[in-house]
Q: 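Dumping the structure here so I can ask a few things about it.
Since the structure is predicted, the reported quantities are computational estimates derived from the model, not experimental observations.
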Amino acid sequence: MNFNKYFFTSALLVPALLIFSSLSSAQELKWGVSVGINQVDNEYVSTDTDGDILNRDTEWSALTYGIDVSSGKHSFNISIGTGDDETPSFSGTRASENSGTYSLNMDDLSLNYTYRLNPNWTIGLGINELSHDFAYAESNDRQWNGDQWDPDGSYNRAYTDNEDISIDGLTLLLGYNKQISQNWFFTTKVGYLQQDLEFTGTEVVTYSGFSSTLNSCYSGGACPVTYSPPIPANSGIEGDGFTDNYKYTGDASSVVFGMGLVWIINPKNQIYFDYTIRGLEYDDLDYSITGAARPGGFFDTYQEDTGIDNTDTISNKVENDYHFFSMRWRYSLN
């Protein structure tokens with residue numbers, strides 16, 4: 001977290017403390033709870049240094065719920081959204097041609113302070129923490145010619161990629177609302193958005209399905225041919241492979257925009273309809289990777305220079321847009 005985020009996070013705590021400092025006069029506090037559905041569309045585009053493009057589009061139907069408290073011109077709210085077991089769609093020159101399985105879950109946490117300037121205009125400051133858990137797995141049978149004496153000549157390559165995506169930052173908002181009928185209000189908002197992006201992931205490649213003759217040879221048994229240097233005992237190839245741990249980090253500033261309608265059913269119940277877009281673009285990402293063959297297997301004990309340790313700044317470009325279509329019901333507790 002950089003200095004600006006420390007500063008604005010501290011600034012957000014000040015009005016919250018002012019609200020809760022009035023707990024001694026609890027009659028001035030107005031409380032509400034809300035629940036709803038948030039349809040989230042994430043448009044993710046990654047362009048590497050060679051110009052190859054990966055498009056990943058994911059949609060979640062996220063359950064959202066929250067609590068809010070207000071006192072006079074001040075209000076503070078917390079909202080949480082979560083969507084599980086969604087499957088993204090892929091396109092672009094880097095889209096995988098292999099058959100695999102994907103899942104991508106989401107959690108979205110927001111804390112917001114709002115100050116009402118007059119009956120129509122508000123200003124607000126918010127903190128947002130959005131995270132994904134991305135998982136991909138594929139398994140492919142392949143042919144090989146590594147040892148011509150191998151009677152099978154085939155093997156299986158399994159690949160998994162488990163990735164944690166964290167996007168967190170701050171939002172400064174200007175809001176406007178206008179009554180358009182007895183029970184309906186129109187709302188709109190525009191603001192400045194600053195976000196930090198962090199991808200941390202682990203890739204694992206595992207080889208299996210080799211012939212029993214080959215596995216016996218690579219585990220220290222008799223070999224039909226003589227290798228120079230000889231293959232170390234207990235370095236069997238079955239189930240052996242590589243593990244790589246990687247991280248991408250970067251930051252972006254952009255504009256957030258939204259509009260919506262509020263239906264005032266009665267003093268206790270309100271329905272909110274809202275559309276919001278967060279558009280972010282990251283350039284020159286910091287990249288690091290460490291990895292090696294897994295200990296105890298053929299690649300670890302027989303092959304040389306299997307380790308990876310690299311830290312660099314790369315010119316990969318990531319565009320990460322979020323569209324939120326939400327409907328929620330709010331109930332006033334007092």
Q: Has the side chain of Asp312 got a donor or acceptor atom that lies under 3.5 Å from a matching backbone atom of Ser288?
A: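 Flag not set: sc Asp312 to bb Ser288 has no pair under 3.5 Å.
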Q: Report yes or no: does Glu238 contribute a side-chain atom to a donor-acceptor pair with the main-chain N or O of Gly209 at less than 3.5 Å?
A: yes
Q: How are the rings of Tyr115 and His74 set to each other: parallel, tilted or perpendicular (split at 30° and 60°)?
A: tilted
Q: How are the rings of Tyr275 and Phe325 set to each other: parallel, tilted or perpendicular (split at 30° and 60°)?
A: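 Because their plane-to-plane angle lies in the 30° to 60° range, the rings of Tyr275 and Phe325 count as tilted.
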Q: Are any of the side-chain nitrogens in Arg278 or Asp108 under 4.0 Å away from the carboxylate oxygens of its partner?
A: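 Result for this pair is yes, salt bridge flagged.
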Q: Answer yes or no: is there a donor N or O on one side and an acceptor on the other, between the side chain of Asp321 and the main chain of Glu43, under 3.5 Å?
A: no
Q: Which of parallel (below 30°), tilted (30 to 60°) and perpendicular (above 60°) describes Trp60 and Tyr322?
A: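 Because their plane-to-plane angle is under 30°, the rings of Trp60 and Tyr322 count as parallel.
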Q: Once rounded to the nearest 0.5 Å, what's the spacing between atom OG1 of Thr187 and atom CG of Asn120?
A: 12.0 Å
Q: Looking at Thr58, Asn320, Asp57, which hits side-chain hydrogen bond (donor to acceptor under 3.5 Å, both in side chains) with Asn42?
A: Asn320
Q: Any sub-3.5 Å donor-acceptor pair from Asn183's side-chain atoms to Ile264's backbone N or O?
A: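 Pair found, side chain donor or acceptor close to backbone of Ile264.
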Q: Identify which one of Tyr218, Tyr155, Phe298 satisfies the ring pair (Phe, Tyr, Trp, His ring centres under 6.0 Å) criterion when paired with Phe210.
A: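 It is Tyr155, the one option of Tyr218, Tyr155, Phe298 that forms the ring pair (Phe, Tyr, Trp, His ring centres under 6.0 Å) with Phe210.
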Q: Contact between Val69 and Trp31 at the side-chain level, heavy atoms closer than 4.5 Å - yes or no?
A: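 Yes, side chains in contact.
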Q: Tell me, with the steps shown, if Tyr192 and Ser253 meet side-chain hydrogen bond (donor to acceptor under 3.5 Å, both in side chains).
A: CA-CA 7 Å; Tyr192 165 80; Ser253 299; 3.2 Å; yes
Q: Would you say the side-chain atoms of Lys268 pair up with the backbone N or O of Ser332, donor to acceptor, closer than 3.5 Å?
A: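 Such a contact is found between Lys268 side chain and Ser332 backbone.
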Q: Would you call Trp263 and Asn269 a side-chain contact if the rule is heavy atoms closer than 4.5 Å?
A: no
Q: Apply side-chain hydrogen bond (donor to acceptor under 3.5 Å, both in side chains) to residues Thr276 and Asp274 and explain how you reach the verdict.
A: CA-CA 7 Å; Thr276 302; Asp274 185 72; 2.8 Å; yes
Q: Starting from the C-alpha separation in whole Å, work towards a yes-or-no answer on side-chain hydrogen bond (donor to acceptor under 3.5 Å, both in side chains) for Asn177 and Gln179.
A: CA-CA 7 Å; Asn177 70 87; Gln179 187 171 4; over 6 Å; no
Q: Determine yes or no for a side-chain-to-main-chain donor-acceptor pair under 3.5 angstrom, with Thr64 supplying the side chain and Val35 the backbone.
A: no
